[in-house]
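Before any comments, here is the structure.
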Amino acid sequence: MGLKRIVGLLILLGLATASLIYLRSKNTIPPKLRVSTWSNYFPDSIIQKFTEQTGIKVELSYISSNEELFAKLKAGATGFDIVQPSDYMVRQMKSLSMLSKLDTTLLPNLNHLEDYYRKLPYDPGNEYSVPFTWGTTGIAVNTSKVPLNESEISWNLLLNSPKPRHTSLLDDMREVFSGVLFLNGFSPNTQEVKTLADTKHQIAQIKNRVLMFSSEPKPLLLREEIYIAHIFSSDAVQAQAENPAIKYFIPKEGGIIWTDNFAIPTSSQHKLQAHAFINYFLNPENALATVRQSHLATPNRSVKALLSAEEKSDPNIYPDKETFKKLFFLEDMGDTLQIMNRMWTELKS
């Protein structure tokens, strides 16, 4: 065999070997996980720590409501590996086969969850979702601007505000309907169409009085553009930490309790890594940092054991037993949801 031919074969062999090494290295690079979550949720340091320990990069995108998340997935958005639907939306997505069944053998840290949160009615046994945090929905008031009797806070304060041009409602269909339904003595889960139509009419009147609908009222409260806000407990507690005059109330008629859950869309291409992400944030140390930053309640008993006595006794985060009895989960509305969606679209147009 001639020298030139031998050299040529060696070059070809070298190129083939280099290509194989390159392809193998490409195939072992961990994928980037795309996580659809709520704003101000995960501390950057904890996401960075996850990447350092696993090599898996994370790209966060944000939603302002469950309906926005649902619309994205329903429209065919296939890039998400982790989503964070709230309780009633888990039920709806599950019924439409939008969520993958979880492999609990890949989630050993599930054993940190309190038993109550392993048996929730929207997903008993955590087949499709894992509760990560929970909270409530109520009213935040800048008490330096609005004098009030704190023992008699009603949804009427929000819906018939004494300061309407400094009042905001959540840009969230189910929450806004619930506030009016509570005020009128109805369940937030009523499917009676006439009741919902009456509620829509009342919201239309409120819409013309209040300043705005916003799912991000915290900065507006802190700038004192808003004095009275329909708000999630976590945002209210964060605002109060910066301005003690801002106080959070669950109205006397009752309020909404919600869980934010980890779930994996059926369209995810990285389910193994998605399980690793969920399990990582069920670890008490990692969950603790997130809970503390966001001022959310935890369903993780091991995390709660790490909290200070002051943190565990904060009624804005962990309501007392009497208040807890007046809290309701939002439930799946079935076909009535389409009617409510149409009403909401008409209200917002």
Side-chain angles (χ1 to χ4, degrees), residues 31-39 41-42 56 58-107 110 113 117-135 171-175 177-178 188-189 191 215 232 256-282 299 329-345:
K32 178 187 288 186
L33 281 179
R34 292 192 62 207
V35 179
S36 179
T37 184
W38 307 90
S39 62
Y41 208 95
F42 292 106
I56 302 171
V58 177
E59 178 184 308
L60 301 179
S61 62
Y62 301 103
I63 53 171
S64 60
S65 72
N66 281 285
E67 285 67 33
E68 179 186 346
L69 173 62
F70 178 81
K72 285 181 177 180
L73 294 181
K74 189 70 173 174
T78 57
F80 298 123
D81 299 299
I82 300 279
V83 292
Q84 284 198 288
S86 298
D87 37 271
Y88 73 95
M89 189 54 69
V90 168
R91 191 196 303 264
Q92 184 175 348
M93 289 181 168
K94 185 172 66 170
S95 70
L96 296 174
S97 302
M98 297 170 72
L99 302 179
S100 294
K101 194 167 185 177
L102 297 174
D103 183 347
T104 55
T105 65
L106 299 175
L107 301 172
L110 271 176
L113 284 185
Y117 295 97
R118 301 293 301 272
K119 304 171 185 176
L120 293 173
Y122 62 87
D123 187 25
N126 308 114
E127 286 190 286
Y128 293 87
S129 65
V130 176
F132 181 50
T133 56
W134 65 271
D171 191 8
D172 186 301
M173 176 184 74
R174 292 296 305 273
E175 293 285 5
F177 268 80
S178 293
N189 298 303
Q191 296 186 41
S215 291
F232 300 121
I256 298 300
I257 181 174
W258 41 262
T259 56
D260 286 333
N261 302 267
F262 287 127
I264 301 174
T266 53
S267 58
S268 169
Q269 299 298 306
H270 309 300
K271 293 183 173 65
L272 184 64
Q273 293 81 5
H275 279 82
F277 183 92
I278 296 172
N279 194 59
Y280 182 86
F281 281 96
L282 288 172
F329 278 109
L330 291 175
E331 298 174 2
D332 183 15
M333 299 286 286
D335 293 339
T336 310
L337 184 65
Q338 295 181 12
I339 298 172
M340 184 182 282
N341 279 329
R342 186 168 64 251
M343 292 178 179
W344 184 249
T345 300

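- The distance from the CE atom of Met343 to the CZ atom of Phe177 is 6.0 Å, given to the nearest 0.5 Å.
- For Ser178, the side-chain hydrogen bond (donor to acceptor under 3.5 Å, both in side chains) test picks out no residue, with sequence neighbours left out.
- The line from CD1 of Ile82 to CD1 of Ile264 is 5.0 Å long, rounded to the nearest 0.5 Å.
- Shown here are the side-chain hydrogen bond (donor to acceptor under 3.5 Å, both in side chains) partners of Arg118, two or more places apart in sequence or in another chain: Asn126.
- To the nearest 0.5 angstrom, Glu67 atom CD is 5.5 Å from Asp172 atom CG.
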*Assess whether side-chain contact (heavy atoms from CB on, under 4.5 Å) is satisfied between Ile278 and Leu106, documenting all intermediate values.*
CA-CA 9 Å; Ile278 296 172; Leu106 299 175; over 6 Å; no
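- In this structure Arg91 satisfies the salt bridge (charged side-chain N to carboxylate O under 4.0 Å, His left out) test with no other residue, sequence neighbours excluded.
- One side chain, Asn261 or Tyr122, offers a donor N or O that lies under 3.5 Å from an acceptor on the other.
- Contact of the Asp260 side chain with the Thr37 side chain is not registered, since no non-hydrogen atoms from C-beta on lie closer than 4.5 Å.
- Here the shortest heavy-atom pairing between His275 and Lys271 reads ND1-O, 2.8 Å.
- Annotation for Leu102 and Ser129: closest pair CD1-N, 3.6 Å, computed over non-hydrogen atoms.
- Between the side chain of Arg174 and the backbone N or O of Asn189 there is no donor-acceptor pair closer than 3.5 Å.
- Annotation: side-chain contact (heavy atoms from CB on, under 4.5 Å) contacts of Ser267 (sequence neighbours excluded): Thr78, Pro265.
- Within the 4.5 Å cutoff, the side chain of Phe329 has heavy atoms near those of the Thr259 side chain.
- Screening residues 71-88 for salt bridge (charged side-chain N to carboxylate O under 4.0 Å, His left out), with sequence neighbours left out, gives Glu68-Lys72.
- The aromatic rings of Phe132 and Phe281 stand perpendicular to each other, their planes meeting at an angle above 60°, with 30° marking the opposite boundary.
- Pairing each heavy atom of Leu69 with each of Ser36, the nearest pair is CD1-OG, 3.7 Å.
- When the ring pair (Phe, Tyr, Trp, His ring centres under 6.0 Å) test is applied to Phe80, no partner is found at least two apart in sequence or on another chain.
- Residues meeting the salt bridge (charged side-chain N to carboxylate O under 4.0 Å, His left out) test with Glu127, sequence neighbours left out: Lys101.
- Considering OH of Tyr62 and CD of Gln84, their distance stands at 11.0 Å, rounded to 0.5 Å.
- In this structure Phe232 satisfies the ring pair (Phe, Tyr, Trp, His ring centres under 6.0 Å) test together with Trp258, sequence neighbours excluded.
- Residues satisfying the side-chain hydrogen bond (donor to acceptor under 3.5 Å, both in side chains) criterion with Ser215, sequence neighbours excluded, are absent altogether.
- Minimum interatomic distance between Pro85 and Val90 (heavy atoms only, all atoms of both residues): CG-CG2, 3.7 Å.
- Taking CD1 from Ile63 and OG from Ser86, the interatomic distance works out to 7.5 Å, rounded to the nearest 0.5 Å.
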*Could you walk me through whether Tyr128 and Met93 pass the side-chain contact (heavy atoms from CB on, under 4.5 Å) check?*
CA-CA 10 Å; Tyr128 293 87; Met93 289 181 168; over 6 Å; no
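- Considering only residues two or more places apart in sequence or on other chains, Ser95 meets the side-chain contact (heavy atoms from CB on, under 4.5 Å) condition with none of them.
- For the pair Leu337/Met173, a side-chain contact is recorded, criterion being any heavy-atom separation below 4.5 Å from C-beta on.
- Here the CD1-CD distance, from Ile56 to Gln273, works out to 5.0 Å after rounding to the nearest 0.5 Å.
- Contacts of Gln92 classified as side-chain hydrogen bond (donor to acceptor under 3.5 Å, both in side chains), with partners at least two apart in sequence or in another chain: none.
- Asp171 pairs by the salt bridge (charged side-chain N to carboxylate O under 4.0 Å, His left out) definition with Lys348, not counting sequence neighbours.
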